[in-house]
Amino acid sequence: MKVDFHFHSQFSDGSYVLSDLIDMAHQEQVKVLSLTDHDSVAGYPEFCQLASEKGMQAVCGIECSVTWNRQELHIIGLGVDYNHDRLLSYLAVQQEKRLHRAQNMAQRLEQIGFKNCYDKVLELAGHLNISRTHFANLLVHEYGVKDKKVAFRDYLGSRGVAYYPSQWVNIEETVAVIQASHGVAVLAHPLHYQLTTAQLKGLLKTFKEAKGEGLEVISGLQTAKDTQRIAQLCRDFKFYASTGSDFHFCAPFRAMIGCQTPLPDNLRPIWHHDAFQSCGLLLE
Ligand code: AMP
Ligand code: MN
Ligand code: MN
Ligand code: MN
């Protein structure tokens with residue numbers, strides 16, 4: 001059965017609106033899915049409504065930005081209550097940090113000649129949940145930067161001249177908020193952080209101690225070797241295993257919604273967690 005517990009809409013840095021995402025998932029015969037916008041649940045409850053109209057089950061998801069040892073990490077919350085007070089207060093703080101970072105990045109870009117960058121990025125996004133993806137699109141489409149890869153390499157990535165290291169909320173508080181709002185916390189794409197094996201194990205230990213329960217074993221299209229490596233860590237640390245496309249837009253060598261490589265055997269799938277009780281009939 002097809003599932004997808006990680007992808008984005010225009011409420012963060014994805015290119016598609018909710019109804020398009022639902023149509024794509026439906027065409028791929030996805031049964032259970034979770035929209036996980038960066039630091040936002042603005043897509044809910046509409047996303048659940050649209051999913052159910054197509055006979056799919058949605059669980060409310062989110063991708064939280066986290067700072068750990070001066071490193072940015074992403075923690076997914078699945079099955080959260082999008083109305084929960086503590087989650088909403090947490091998100092208000094994160095939104096503030098996002099806007100503050102956007103202002104600082106725009107200021108740096110304006111100093112090196114990208115005029116009116118701040119106003120333009122707000123217009124391009126159409127909301128205040130500004131992501132570096134919006135800046136990358138702006139640099140490419142308005143200011144003649146070659147492509148998004150160059151935009152991240154030269155300007156927006158951690159070595160870029162306009163990089164502003166945001167202080168996101170920490171692991172412990174993020175996991176606590178996800179749990180308090182009835183969700184399960186999953187460490188997203190563990191191989192994206194360019195950590196040594198020792199550092200990665202240190203992170204998994206910290207995440208486990210903070211009561212994180214899941215690991216994203218599959219993130220989009222990935223090599224069999226990478227899959228085996230994370231699957232083994234998932235077993236060793238006794239996490240539940242999650243899977244998601246991390247779909248933002250259609251691009252070569254990137255997974256479409258529901259098109260991840262399969263989860264390996266001998267793992268506890270995340271949908272066996274209590275946070276997925278509402279999907280009991282669809283998921284086994
Ligand atoms: P933010 O959450 O605003 O820090 O933006 C991070 C987002 O930028 C990620 O979720 C990706 O969608 C995108 N991103 C990060 N690094 C790159 C890169 N090197 N090339 C293209 N997109 C990237
Ligand atoms: Mn993104
Ligand atoms: Mn991410
Ligand atoms: Mn993502």
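In each ligand, atom 1 is the first atom listed, and ligand 1 is the first ligand listed.
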Inset, instruction - State the atom name: nearest N, O or S atom of E63 to the Mn ion (ligand 4). - result: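 The Mn ion (ligand 4) is closest to the E63 atom OE1, counting only N, O or S.
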Inset, instruction - Specify which N/O/S atom of D246 comes nearest to the Mn ion (ligand 4), by atom name. - result: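 Looking at D246, the N, O or S atom with the least distance to the Mn ion (ligand 4) is OD1.
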Inset, instruction - Classify the side-chain pair Q167/T67 by whether it contains a donor and acceptor separated by less than 3.5 Å. - result: no
Inset, instruction - Assess the side chains of H38 and N129: does a donor N or O sit below 3.5 Å from an acceptor N or O? - result: no
Inset, instruction - Decide side chain to side chain contact (heavy atoms under 4.5 Å, CB included) for D39 and E63; before the verdict, give the C-alpha distance in whole Å, the side-chain angles of both, and the deciding distance to 0.1 Å. - result: CA-CA 6 Å; D39 304 307; E63 183 171 21; over 6 Å; no
Inset, instruction - Check whether any N, O or S atom of H6, backbone or side chain, sits closer than 2.8 Å to the Mn ion (ligand 3). - result: no
Inset, instruction - Taking both backbone and side-chain atoms into account, decide whether H8 has an N/O/S atom under 2.8 Å from the Mn ion (ligand 4). - result: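 H8 does place an N, O or S atom closer than 2.8 Å to the Mn ion (ligand 4).
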Inset, instruction - Verify the ring-centre separation between F239 and F207: is it less than 6.0 angstrom? - result: yes
Inset, instruction - Identify, chain by chain and in numerical order, each protein residue with a heavy atom under 4.0 Å from an atom of ligand 1. - result: D13, H38, E72, R98, R101, S131, R132, T133, F152, H248
Inset, instruction - Please check if the side chain of D4 supplies one atom and the backbone of S245 the other of a donor-acceptor pair under 3.5 Å. - result: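 Present.
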Inset, instruction - State plainly whether the residues D154 and R159 are in salt-bridge range, i.e. N to O under 4.0 Å. - result: no
Inset, instruction - Using a strict 4.0 Å threshold on nitrogen-to-oxygen distance, state whether K115 and E110 make a salt bridge. - result: no
Inset, instruction - State whether the number of non-hydrogen atoms from other residues, nucleotides or ligands found under 6.0 Å of Q199 atom CD is greater than 12. - result: yes
Inset, instruction - Determine which of the N, O or S atoms in H74 is closest to the Mn ion (ligand 3) and give its atom name. - result: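 That would be atom ND1.
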